[in-house]
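Here's the structure we're looking at; comments come further down.
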Amino acid sequence: MDELNDQRQQRIKKLDLLRDLQVPPYGTRFEVTDRAGDLIRLHGEKPKEELERESIPCRIAGRIVALRRFGKAAFAVVQDGADRLQVYLKKDRLAEPSYRVCEQLDLGDWIGVSGHLFRTKTNEFTVDVSELTFLSKALRPLPEKWHGLTDVETRYRQRYVDLIANPSVHDIFITRSRIIAGIRAFLIDKGFLEVETPMMQPIPGGATAKPFVTHHNALGVDLFLRIAPELYLKRLIVGGFPRVFEINRNFRNEGISTIHNPEFTMLEFYVAYADYNDLIALTEELFGKLAQEVRGSTTIEYQDKQINMAAPWRRWSYRQAILEVNGLDASVLQDRTAALETAKKLGVEVKQDADLPTILNEIFEETVEPNLIQPTFITDYPIELSPLARRKDTDPTLTDRFELYIAGREIANAFSELNDPLDQRQRFEAQDAQREAGDEEAHHLDEDFLRALEHGMPPTAGEGIGIDRLVMLFTNQASIRDVILFPQLRPEK
RNA sequence: GAGCCGGUAGCUCAGUCGGUAGAGCAUCGCCCUUUUAAGGCGAGGGCCCUGGGUUCGAGUCCCAGCCGGCUCACCA
């Protein structure tokens with residue numbers, strides 16, 4: 001169908017017309033000395049007379065996204081990154097072959113121009129072009145000029161078109177890059193070492209999730225795409241790096257939704273000699289800094305909610321939160337039957353044979369989580385939900401752990417790491433029992449990880465932050481697909 | 001996996017009660033040397049998501065499927 005498309009045929013014809021003019025339709029280099037955005041920032045506010053007086057030369061390149069032709073002149077809007085700058089192409093001013101080239105221009109073509117800055121009659125900041133260089137031909141038409149590209153499926157499948165047609169999409173991904181660069185700078189400044197650990201693992205560990213399986217032919221073994229880097233990063237703490245972090249992809253073979261993509265970017269960092277309280281302070285500092293850098297304020301707006309990132313944030317123990325939100329008596333925390341009844345009364349669906357921690361967690365997720373709009377550290381999770389976290393000294397049924405919630409969503413998960421190899425072995429064995437009972441997502445026992453712990457790991461605190469959700473928060477996007485350049489979709493056709 | 005909504009020209013969308021497939025932008029031709037969604041005159045462009053069915057006749061009604069969005073379930 002595309003092959004027969006009339007607009008595409010027209011443009012292929014123009015390739016030959018350009019070649020007739022000795023102009024290669026797919027050129028080589030062009031010396032770019034200016035960026036449209038810089039010119040606009042530096043000179044865009046200057047009045048007409050000042051621009052005339054200064055006669056500022058410039059040389060930019062970009063894609064034509066609007067074209068208004070007259071008989072012997074034309075205005076083109078050139079898009080350079082997220083910025084757009086108008087250029088004026090006038091027959092008198094251009095050398096003879098240049099204007100012939102100008103007549104062949106289409107929306108979508110790449111050009112380079114040099115000339116001088118001026119203001120038009122209607123006061124538009126514009127480049128008066130004296131030399132036009134054709135750079136590359138577009139064979140396909142751009143989306144329509146004022147509605148742009150709105151079809152979400154096409155936006156995700158053909159992100160390149162989305163980026164051309166919707167400049168604001170550039171800003172989201174520029175912000176994403178700034179957030180990641182900001183995190184990296186923050187951690188490196190605090191003495192962290194950035195490392196890379198295996199994405200392909202023989203035993204998928206460090207999280208509760210279903211992995212993707214792949215196969216290595218030469219080794220003749222199945223490998224798993226990692227669900228978390230955690231166990232490898234802790235091996236590095238054992239090895240003697242006191243502060244490490246990794247920013248990389250995790251893969252989980254689970255559902256897709258507005259907050260889940262099968263591959264997602266995770267920051268994990270580990271600090272020797274520290275505990276989870278130290279990470280609370282570090283997290284507040286990091287988020288405050290990012291909010292300032294990216295939004296210019298510690299108050300940010302997310303989906304009509306005002307979120308105040310200024311430290312300190314609320315700390316609330318997991319059990320207290322369950323009790324307070326629902327006005328419950330502390331006795332339900334110890335009594336499975338009472339907890340089950342409470343769940344029913346609250347309209348929380350729970351399997352009849354669920355154990356006490358699971359019932360309480362269902363109640364937590366249904367009744368507490370959605371209300372945690374302002375940044376809140378939920379602390380002291382039960383040991384059953386935290387197979388890699390250190391027990392609390394004051395209560396061995398709880399762990400030294402927090403999860404950070406913002407806008408009703410889990411943003412970070414952190415704990416003092418379990419460094420007792422014998423306790424860790426028992427926890428893995430408990431997970432194995434759950435696996436045998438049918439829980440596909442239970443943690444796998446990792447002998448080499450236990451061997452590492454047996455060599456001694458210093459007291460350590462570790463934290464994971466989901467970067468995609470963090471970017472959603474800072475760019476005010478409702479869907480994770482809008483902060484991932486190429487989100488996973490079913491293949492076309 | 002379930003429910004709801006959507007899929008018509010390159011793009012954004014109309015399409016009445018089942019009766020010859022429409023608009024704007026884009027494209028092509030002509031005019032036009034300061035436009036801003038430039039303008040004027042004229043023209044071309046369709047696997048109406050796919051496959052069945054009902055009917056004299058289906059973009060429209062029915063069934064099945066494909067793709068997407070949202071909500072729910074699972075998950076970070």
Side-chain angles (χ1 to χ4, degrees), chain A residues 1-2 4-11 13-14 48 65-77 84 86-94 99 102 106-108 118-126 128 138-158 161-162 164-166 206-211 227-228 249-268 349 362 365-366 369 403-405 409-413 439-441 464-470 472 478-482 487 489-493:
Chain A
M1 189 165 77
D2 280 332
L4 302 172
N5 179 270
D6 134 71
Q7 298 202 39
R8 189 165 173 275
Q9 288 304 324
Q10 289 294 344
R11 285 166 181 246
K13 248 189 243 170
K14 289 180 186 173
K48 196 174 189 143
V65 292
L67 192 55
R68 294 177 284 273
R69 269 185 226 277
F70 300 81
K72 296 183 182 63
F75 288 94
V77 177
R84 294 177 166 197
Q86 178 171 270
V87 304
Y88 181 47
L89 302 156
K90 190 179 179 185
K91 191 174 184 182
D92 294 352
R93 192 140 312 158
L94 294 166
Y99 199 75
C102 183
D106 280 312
L107 287 172
F118 80 114
R119 278 187 187 283
T120 63
K121 264 185 201 168
T122 49
N123 216 34
E124 176 91 5
F125 184 62
T126 303
D128 189 10
L139 298 184
R140 291 172 186 261
L142 289 177
E144 185 238 6
K145 66 179 140 190
W146 65 84
H147 297 98
L149 179 67
T150 61
D151 181 82
V152 280
E153 185 173 353
T154 311
R155 287 190 48 228
Y156 297 149
R157 285 195 198 279
Q158 301 180 39
V161 181
D162 187 31
I164 299 164
N166 301 312
T208 308
K210 283 184 213 122
I227 54 176
R249 230 65 67 81
N250 288 350
F251 306 84
R252 300 193 183 171
N253 204 343
E254 289 160 359
I256 296 179
S257 76
T258 47
I259 50 170
H260 298 91
N261 195 60
E263 54 180 303
F264 62 100
T265 301
M266 191 76 176
L267 161 69
E268 284 201 14
E349 269 185 53
E362 292 291 336
E365 286 177 2
E366 286 284 316
E369 267 190 37
E403 289 202 356
L404 167 63
Y405 286 86
R409 252 174 230 161
E410 186 192 331
I411 296 289
N413 177 23
D439 182 356
E440 278 184 78
E441 298 189 353
I465 298 176
I467 297 298
D468 310 280
R469 290 186 186 176
L470 187 68
M472 288 170 69
S479 172
I480 201 167
R481 296 183 198 97
D482 290 313
L489 299 178
R490 226 175 265 276
E492 278 184 277
K493 289 172 192 173

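Side-chain atoms are counted along with the backbone in the values below, which use heavy atoms only and exclude waters and symmetry mates. Just so you know, these numbers come straight off a predicted model, no measurement behind them. Residue numbering restarts at 1 for every chain, and letters A, B, ... go by the order of the sequence lines.
For the pair A:K210 and B:C74, the criterion of a side-chain N or O lying under 4.0 Å from OP1 or OP2 is not met. For B:A76, the OP1/OP2 oxygens have no side-chain nitrogen or oxygen of A:R469 closer than 4.0 Å. The phosphate of B:G69 (OP1 or OP2) has no side-chain N or O of A:R155 nearer than 4.0 angstrom. OP1 or OP2 of B:A38 has at least one side-chain nitrogen or oxygen of A:R68 nearer than 4.0 Å.
Using a distance-only test at 3.5 Å, with no hydrogens or angles considered, no donor-acceptor pair links the side chain of A:Q158 to the main chain of A:V161. Although no hydrogens or angles enter the test, the distance criterion places no donor-acceptor pair under 3.5 Å between the side chain of A:Y99 and the main chain of A:D92. In this structure, A:N166 contributes its side chain and A:L149 its backbone to a donor-acceptor pair below 3.5 Å.
A donor atom on one side chain and an acceptor atom on the other are found under 3.5 Å apart for A:E403 and A:Y405. Inspection of the A:T208 and A:E441 side chains reveals no N or O donor paired with an N or O acceptor under 3.5 Å.
Among B:U33, B:U71, B:G68, the nucleotide with an atom closest to any side-chain atom of A:T258 is B:U71. Closest to the side chain of A:K90, out of B:U33, B:A76, B:C25, is B:U33. Each of B:G68, B:U34, B:U12 was ranked by its minimum atom distance to the side chain of A:F70; first place goes to B:U34. Between B:C67, B:A76, B:U12, one nucleotide has an atom nearer to the side chain of A:R157 than all others, and that is B:C67. Checking B:C25, B:A73, B:U33 against the side-chain heavy atoms of A:Y88 singles out B:U33 as nearest. Distances were taken from every side-chain heavy atom of A:L149 (C-beta onward) to each of B:C11, B:U35, B:U34; the shortest belongs to B:C11. Considering only the side chain of A:K145, B:A37 comes nearest among B:A37, B:G69, B:U35.
Evaluation of atom-type donor-acceptor distances gives no pair under 3.5 Å for the side chain of A:T150 against the base of B:U12. For A:E124 against B:U35, no side-chain N or O and base N or O form a donor-acceptor pair under 3.5 Å.
Counting non-hydrogen atoms under 4.0 angstrom, A:F118 reaches a base of the nucleic acid. In this structure, A:L142 reaches neither bases nor backbone, as no heavy-atom distance under 4.0 Å exists between it and the strands shown. At a threshold of 4.0 angstrom between heavy atoms, the contacts of A:N261 include nucleobase atoms, whether or not backbone atoms are also involved. The residue A:R84 sits apart from the nucleic acid: no heavy atom pair falls under 4.0 Å. Residue A:Q86 is in base contact, counting any heavy-atom pair closer than 4.0 Å across all strands shown. Note on A:T208: only backbone sugar-phosphate atoms sit closer than 4.0 angstrom, heavy atoms only; bases stay farther off. Using a 4.0 Å heavy-atom distance criterion, A:G464 is classed as making no nucleic acid contact.
Heavy-atom contacts from other residues, nucleotides or ligands closer than 6.0 Å to NZ of A:K48 number more than 12. For A:E365, the CD atom counts as densely surrounded, since its 6.0 Å shell holds more than 12 non-hydrogen atoms of other residues, nucleotides or ligands.
A 4.5 Å side-chain heavy-atom check between A:F264 and A:R252 finds at least one atom pair inside the cut-off. At least one side-chain heavy atom of A:P262 sits less than 4.5 Å from a side-chain heavy atom of A:I256.
Base pairing of B:G3: its partner is B:C70, meeting the Watson-Crick or G-U wobble criterion (both donor-acceptor distances under 3.5 Å). Across all strands shown, B:A23 forms a Watson-Crick or G-U wobble pair with B:U12, both key distances being under 3.5 Å. In a base pair of the Watson-Crick type (N1 to N3 plus N6-O4 or O6-N4) or a G-U wobble (N1-O2 and O6-N3), with each distance short of 3.5 Å, B:G44 is matched with no nucleotide.
Summary of the strand contacts: A:G71 and A:D151 both lie near RNA chain B, and taking for each the nucleotide with the nearest heavy atom, the more 5' one is attributed to A:D151. Toward the 5' end of RNA chain B, the nearer of the two residues A:I259 and A:S479, judged by each one's closest nucleotide, is A:S479.
The interatomic distance linking A:N166 (CG) with B:C11 (C1') rounds to 12 Å, in whole Å. Atoms CG (A:L89) and P (B:U33) sit 15 Å apart, rounded to a whole Å. Per the geometry, CZ belonging to A:R140 stands 15 Å off C1' belonging to B:A9, to the nearest Å. Taking atom CG of A:D482 as the reference point, atom P of B:G69 lies 10 Å away to the nearest angstrom. Atom CE in A:M472 sits about 11 Å away from atom C1' in B:A76, given to the nearest Å. Rounded to whole Å, the distance from CG on A:D92 to C1' on B:U34 is 13 Å.
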**Request:** Could you run through nucleotides 3-8 of chain B and give me one letter per nucleotide, 5' to 3': B if any protein heavy atom sits under 4.0 Å from the base, S if only the sugar-phosphate is that close, - if neither?
**Result:** ------
**Request:** Step by step, work out the side chain to side chain contact (heavy atoms under 4.5 Å, CB included) result for A:N250 and A:I227.
**Result:** CA-CA 5 Å; A:N250 288 350; A:I227 54 176; 5.9 Å; no
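Across B:G42 and B:A23, the matching P atoms stand 13 Å from one another, rounded to whole Å. Comparing the same atom, P, in B:U50 and in B:A58 gives a spacing of 15 Å after rounding to whole Å. Across B:U12 and B:G51, the matching P atoms stand 23 Å from one another, rounded to whole Å. Only the P atoms considered, B:A9 is 15 Å distant from B:U60, to the nearest whole Å.
For A:T120, the side-chain hydrogen bond (donor to acceptor under 3.5 Å, both in side chains) partners two or more places apart in sequence, or in a different chain, are A:T122. Scored by the salt bridge (Lys or Arg N to Asp or Glu O under 4.0 Å) test, A:E263 finds A:R249 as partners (sequence neighbours excluded). With sequence neighbours left out, the salt bridge (Lys or Arg N to Asp or Glu O under 4.0 Å) criterion links A:E153 to A:R157.
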Report all interatomic pairs (protein N or O, nucleotide N or O of nucleotides 41-43 of chain B) with separations under 3.5 Å.
none

Name the pairs: protein N/O against N/O of nucleotides 27-31 of chain B, kept only if under 3.5 Å.
residue, atom, partner, partner atom, Å
B:U27, O4', A:Q7, OE1, 3.4
B:C28, OP1, A:K14, NZ, 2.5

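In summary, of the residues considered (A:D482, A:D162, A:D151), a side chain to side chain donor-acceptor pair (under 3.5 Å) with A:Y156 occurs for A:D482 alone. Of the residues A:R140, A:K14, A:Q7, the one that meets the side chain to side chain donor-acceptor pair (under 3.5 Å) test with A:D106 is A:K14.
The aromatic ring of A:F264 sits over the base of B:A76, with ring centres less than 5.5 Å apart and planes inclined by under 30°.
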